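Remember, it's 1-based here, ligands and their atoms both numbered in the order they're listed. Since the model is a prediction, treat every value here as computed from it, not as a measurement.
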Amino acid sequence: MNQRPQVYVTRLIPEAGLTMIRDRCDARVWEEELPPPKDVILEQVSDCEGLLCLLSEDVDGEVMDAGDLRVISQFAVGVDNIDLEAATQRGIPVGHTPGVLTDATADLTFALLMAAARRIPEAIDKVRSGEWRTWEPRGLLGADVWQATLGIVGLGRIGTAVARRARGFEMDILYNDPNRSIEVEEELGIVYASLDTLLERADFVTVHTPLVDETRHLIDRAALQRMKPTAVLVNAARGGIVETDALVEALEEGWIAQAALDVTDPEPLPADHPLVGMANCIVVPHIGSATTTARNRMAEMAAENLLAGLAGRTLPYCANPQVYESETR
Ligand code: GLV
C-alpha cells in the first residue's frame, strides 16, 4: 500500500479495532447511534476500498457496486445482512468474527433461559413497584432448570457451548442440526433428535442456527404447536428463524409458556409490539456478544480482516472462502 486506503466504518466500534484501522487507513466513521441510511452508505463507499459494517446494515450488490471495494469486514459472526453470493461474484472477500463471542452468547442464552424459568423480570417489577410485601409461599413459582430437558436447535460453536453449560445443571440434552456430531454427542452426553421430537420433548428450546433460506421461519406455527404448553423458547441467534406472528399467537393462546428473545423480527421491535408488552415474553436488545472482552476482540478481528483485504492478503476469518477459488478474481 503506497497510499493510505480509504475505508468507511459504519459505527463507532471499540477503540481496540478502530486504532488498528486509523493507523493504516483514512477512515471515515459514522458516529451516530442509529445505522447510516442506505443512501449515505452508497455515497460514502463511492471512493472506498474497504467497508467495515454491522449486522444492522443491508450490504447488497448495489452497495458493492457503489465503490471499488476490495474487502467487506463485518463486526459480527452472522452475515445474513450481507449478500455473500453477490460479494463472491464480484471477487470481494467478506470477513466476520467467529469464535470470540461464543461464550458470551452462550452465557446470555443461559441468562435468558433462567430469567424466564424463574420469572426474574416479573420479580424485579414486583419489588420496584412496591407490590412485594412479604415472603409468599405461592408467589412467583417458576420452573426447574436443574434436570429439565433442553433442546438445542443448531449445534455449532454457540449451541455446543450452551450444551456444556447445561451439563452443569444436569439437564437431559437433545439437539438437532443438519450435521450430526457423534464426537460431541459422546463428549457431552447429548442425544441427536429430529426437530419434531426435540420440540415435543424439550422443556427449554434454544435456537442457535445461522439465518439462511433453510432456517427462515424454522420455528413456525406448526413447530410452536408441537412444543409443550409449559415450554420456554429462547432465541439468541437471529429473529427471522422464528415466525413472529405465530409466536405472538403461541404466547397468547398458551401453546408454549414463555419466550425469551435476544433477537427479533423485525429488529428492533416497535415499543408497542405485542411481544414487548407480554408478561410471558422477555425481550432484550441483541446483547449476546455484549461483553467488554468479546466486543474488543470482535473489533480487533474485524480490523485484522479489513487490513488483510486491503493488503490483498487472504482474510484470517473469511465468511465466503470460495471467493479465493472464484475465477472473477
Ligand atoms: C451477533 O449477533 C453476531 O452475529 O455476531
Within one Ile-Leu-Val-Met-Phe-Trp-Tyr cluster: Ile158 and Ile241, side-chain cutoff 4.5 Å:
no
Could you point out which residue of Arg313, Arg24, Arg297 forms a salt bridge (charged side-chain N to carboxylate O under 4.0 Å, His left out) with Glu304?
Arg297
Provide the closest heavy-atom pair for Val63 versus Leu42 in the form atom of the first, atom of the second, distance.
CA-CD2, 3.6 Å
At a heavy-atom distance under 4.0 Å, which protein residues reach ligand 1? Sort them by chain and number, would you?
Leu55, Ala76, Val77, Gly78, Leu101, Arg238, His286
Glu49 vs Tyr8 side-chain heavy atoms within contact, under 4.5 Å
no
Side chain proximity check, Leu155 to Val184, heavy atoms < 4.5 angstrom
yes
Is the backbone of Thr134 close enough, under 3.5 Å, to the side chain of Trp132 for a donor and an acceptor to pair up by distance?
yes
